[in-house]
Amino acid sequence: MKNRFLIIWGYANEIILSTLLIMLACTIWGIADVASFVEKIANDSAALVCAVCLAAALAFFWTLYSKADTEFYRWLDEINAFSVFTNASIYTVIVELLATVMLILVKTYPSPTMNLIGGFLLLLAIINMVTLLKNIADLMKIHTTYTKITKQT
């Protein structure tokens with residue numbers, strides 16, 4: 001139960017942080033200025049940030065999937081960690097895809113509400129990419145430890 005709460009909290013804190021950041025920006029600069037700023041950077045953000053992050057997330061997910069039949073990943077599955085990494089990867093792909101699509105829609109059909117949602121998703125995508133990088137680093141650490149342990153036996 002405690003592990004499930006930690007996993008849910010891991011996803012929720014990114015959403016909360018993105019919400020707080022967009023609210024802070026609106027408080028400091030005003031809703032209209034933030035919405036206008038998001039509209040101005042929508043194309044560049046969609047292409048340079050979200051699309052690149054989406055490609056990275058898909059590449060990591062594909063790598064995770066393609067290695068699923070190795071001894072290390074079977075061991076991860078035995079200790080119920082493989083599904084955690086898989087779900088995190090799928091979540092990242094979904095967030096990056098939503099952000100990319102929304103920023104394209106913001107540029108195509110601008111409105112203050114869509115612009116703010118696009119800004120929120122852009123922040124969420126950036127935060128989520130940092131989390132993905134941390135997950136990759138954690139997976140590499142686990143693999144290194146696993147390799148050391150299995151070489152000793």
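FYI, side chains are in, hydrogens and waters are out, and symmetry mates aren't considered; it's all heavy atoms of this structure.
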Heavy-atom side-chain contact between C50 and L103 under 4.5 Å: yes
Same apolar cluster: V34 and I28, side chain cutoff 4.5 Å: yes
Co-membership, hydrophobic cluster, residues I104 and M114, 4.5 Å side-chain: no
Separation of E39 CD from L116 CG (nearest 0.5 Å): 11.0 Å
Closest contact, heavy atoms only, C53 versus M129: O-CE, 3.2 Å
D77: salt bridge (Lys or Arg N to Asp or Glu O under 4.0 Å) partners, not counting sequence neighbours: none
Ring geometry between Y146 and H143 (parallel below 30°, tilted from 30 to 60°, perpendicular above 60°): tilted
Heavy atoms of other groups near I142 CD1, more than 12 under 6.0 Å: yes
Flag side-chain contact, heavy atom, 4.5 Å: V84 against I7: yes
W9 and I16, any side-chain heavy atoms less than 4.5 Å apart: yes
Minimum side-chain heavy-atom gap L122-V49 below 4.5 Å: yes
Interatomic spacing from CG in L21 to CZ in F120 - rounded to 0.5 Å: 10.0 Å
Rounded distance (nearest 0.5 Å) linking atom OG of S45 with atom NZ of K107: 10.0 Å
Cluster check L24, I127: I/L/V/M/F/W/Y, side chain < 4.5 angstrom: yes
If you look only at distance, which donor and acceptor atoms sit under 3.5 Å apart when one is on a side chain in residues 85-99 and the other is two or more places apart or in another chain?
from: T86; atom 1: OG1; to: F82; atom 2: O; distance (Å): 2.8
from: N87; atom 1: ND2; to: S83; atom 2: O; distance (Å): 3.2
from: S89; atom 1: OG; to: F85; atom 2: O; distance (Å): 2.9
from: T92; atom 1: OG1; to: A88; atom 2: O; distance (Å): 2.9
from: T92; atom 1: OG1; to: N128; atom 2: OD1; distance (Å): 2.8

Hydrophobic cluster membership, V106 vs Y109, 4.5 Å side-chain cutoff: yes
Between CG on residue L48 and CD1 on residue I41, distance to nearest 0.5 Å: 10.5 Å
Indicate every side-chain donor-acceptor pair of residues 57-67 with a distance under 3.5 Å to a residue at least two apart or in another chain.
from: T63; atom 1: OG1; to: A59; atom 2: O; distance (Å): 2.8
from: S66; atom 1: OG; to: W62; atom 2: O; distance (Å): 3.2
from: S66; atom 1: OG; to: T63; atom 2: O; distance (Å): 3.0

Within one Ile-Leu-Val-Met-Phe-Trp-Tyr cluster: Y73 and I79, side-chain cutoff 4.5 Å: yes
Interatomic distance, I126 atom CD1 to L17 atom CG [nearest 0.5 angstrom]: 11.0 Å
CG on L139 to OG1 on T144, rounded to 0.5 Å: 9.5 Å
